[in-house]
Amino acid sequence: MQELNDKIKQFGTVLPGNVLKVDAFLNHQVDPELMLHVGQEFARRFADEGITKIWTVESSGIAPAVMTGLAMKVPVIFARKHKSLTLNSNLYVADVYSYTKKTTNRISISKKYVAPDDKILMIDDFLANGQAVEGMLEIADQAGVHVAGAGIVIEKSFQPGGRELRDRGIRVESLARIKSLAANQIEFEED
Ligand code: G4P
Ligand code: NA
Ligand code: NA
């Protein structure tokens, strides 16, 4: 998506540990017009999948997920993160390990907002190791709902998450694909 790549070129910076900082439009300050276009693009790509719900994980996935829900006219659920969680039979839960932060979060979605015939589109801001998407897939499995795929704003294709998901037959659509952040240079995949 050209508009997104241009924003990344204009505002993105590289931090140690292969981290792309995009606080100017995605992870802290949010560019609503860009997010609307991101949502419209996901809606276009997944138009034929019969999506009934958007799932994401708080917090940075919420902005692109809400815009996708707006474009597709379906509700958006953000899984909540907890440091610890007592057993609650009204929740689906999964543990998500963050390689970047070296912590485990338990994510949860209330059973109240899951219907057996749901067709889920997962949305997230970044795809790196794929742990957040794996967590949502685990919850979908528990709930017995169909997952149509994942819409990712920025995929770091030099990390294994995207390949692992595609190898398992999950449809992954990424709007920007970063091939390398080596030597502080942002290198895009050609596509
Ligand atoms: P994953 O997102 O594929 O599971 O990989 P990883 O475990 O490495 O990511 C942990 C957290 O770091 C996630 O955010 C993820 O979105 C974020 N992240 C990974 N790589 C980058 C990067 O290059 N730049 C930025 N800005 N973020 C990155 P989170 O812990 O879920 O936090 P939140 O911001 O959504 O609250
Ligand atoms: Na995220
Ligand atoms: Na994040």
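All values below come from the heavy atoms of this structure, side chains included, with hydrogens, waters and symmetry mates left out. Just follow the structure's listing: the first ligand is 1, and inside any ligand the first atom is 1.
A salt bridge between Glu134 and Arg168 is present, with a side-chain N of the basic residue lying under 4.0 Å from a carboxylate O of the acidic one. Using a cutoff of 4.0 Å between basic side-chain nitrogens and carboxylate oxygens, Arg44 and Glu49 are not scored as salt-bridged. A salt bridge links Arg45 with Glu41: the distance from a Lys NZ or Arg NE/NH1/NH2 to an Asp or Glu carboxylate oxygen falls below 4.0 Å. A salt bridge does not link Lys81 to Glu58: none of the charged nitrogens lies less than 4.0 Å from a carboxylate oxygen.
The environment of Lys9 atom NZ is dense: over 12 non-hydrogen atoms of other residues, nucleotides or ligands sit within 6.0 angstrom. Other residues, nucleotides and ligands contribute over 12 non-hydrogen atoms within 6.0 Å of the CZ atom of Phe188.
Residue Lys156 touches ligand 1 through its side chain alone, judged by heavy-atom distances below 4.0 Å. Contact annotation for Val19 and ligand 1: heavy atoms of both the backbone and the side chain come within less than 4.0 Å of the ligand. Contacts between Asp125 and ligand 1 below 4.0 angstrom, taking non-hydrogen atoms only, involve the side chain exclusively.
Of all the atoms in ligand 1, the ones that sit under 4.0 Å from a non-hydrogen atom of Thr100 are 6 (P), 8 (O), 9 (O), 10 (C), 12 (O), 19 (C). Taking every heavy atom of Ala132 and a limit of under 4.0 angstrom, the matching atoms of ligand 1 come to 4 (O). Every atom of ligand 1 is numbered from 1 in the order shown, and the set under 4.0 Å from a heavy atom of Lys81 is 29 (P), 30 (O), 31 (O), 32 (O), 33 (P), 35 (O), 36 (O). Ligand 1 places these atoms under 4.0 Å from at least one heavy atom of Lys101: 29 (P), 30 (O), 32 (O). Shown in contact with Asn27 at under 4.0 Å from a heavy atom are these atoms of ligand 1, numbered in order with element: 26 (N). Near Tyr97, meaning under 4.0 Å from one of its heavy atoms, ligand 1 places the atoms 7 (O).
Closest to the Na ion (ligand 2) among the N, O or S atoms of Asp125 is OD1. Shortest distance from the Na ion (ligand 2) to Asp124 is reached at OD1 (N/O/S atoms only).
Under 3.5 Å, the side chains of Lys156 and Gln159 contain a donor-acceptor pair of N or O atoms.
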Could you walk me through whether Val93 and His82 satisfy the side chain to side chain contact (heavy atoms under 4.5 Å, CB included) test, starting with their C-alpha distance in whole Å, then the side-chain angles of each, then the deciding distance to 0.1 Å, before giving a yes or no? CA-CA 10 Å; Val93 302; His82 317 259; over 6 Å; no
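Contact analysis leaves Val22 out of contact with ligand 1, as no non-hydrogen atom separation drops below 4.0 angstrom. The shell of residues lying under 4.0 angstrom from ligand 1, judged by heavy atoms, excludes Lys21. Heavy-atom distances between Val57 and ligand 1 stay at or above 4.0 Å for every pair.
Using the six-membered ring where Trp is involved, Phe46 and Phe42 have ring planes that are tilted, between 30° and 60° apart.
Separation of atoms CG (Leu137) and CD1 (Ile170) is listed at 4.5 Å; rounding is to 0.5 Å. Thr100 contributes atom OG1, which lies 6.5 Å from atom CG of Asn129 (distance to the nearest 0.5 angstrom).
At a 3.5 angstrom cut-off on N or O pairs, Gln159 does not count as close to ligand 1.
If you check each of Leu20, Leu127, Asn129 against atom 24 (N) of ligand 1, the one with the closest non-hydrogen atom is Leu20. Residue Ser98 holds the heavy atom nearest to atom 11 (C) of ligand 1 of all those in Gly161, Ser98, Gly135.
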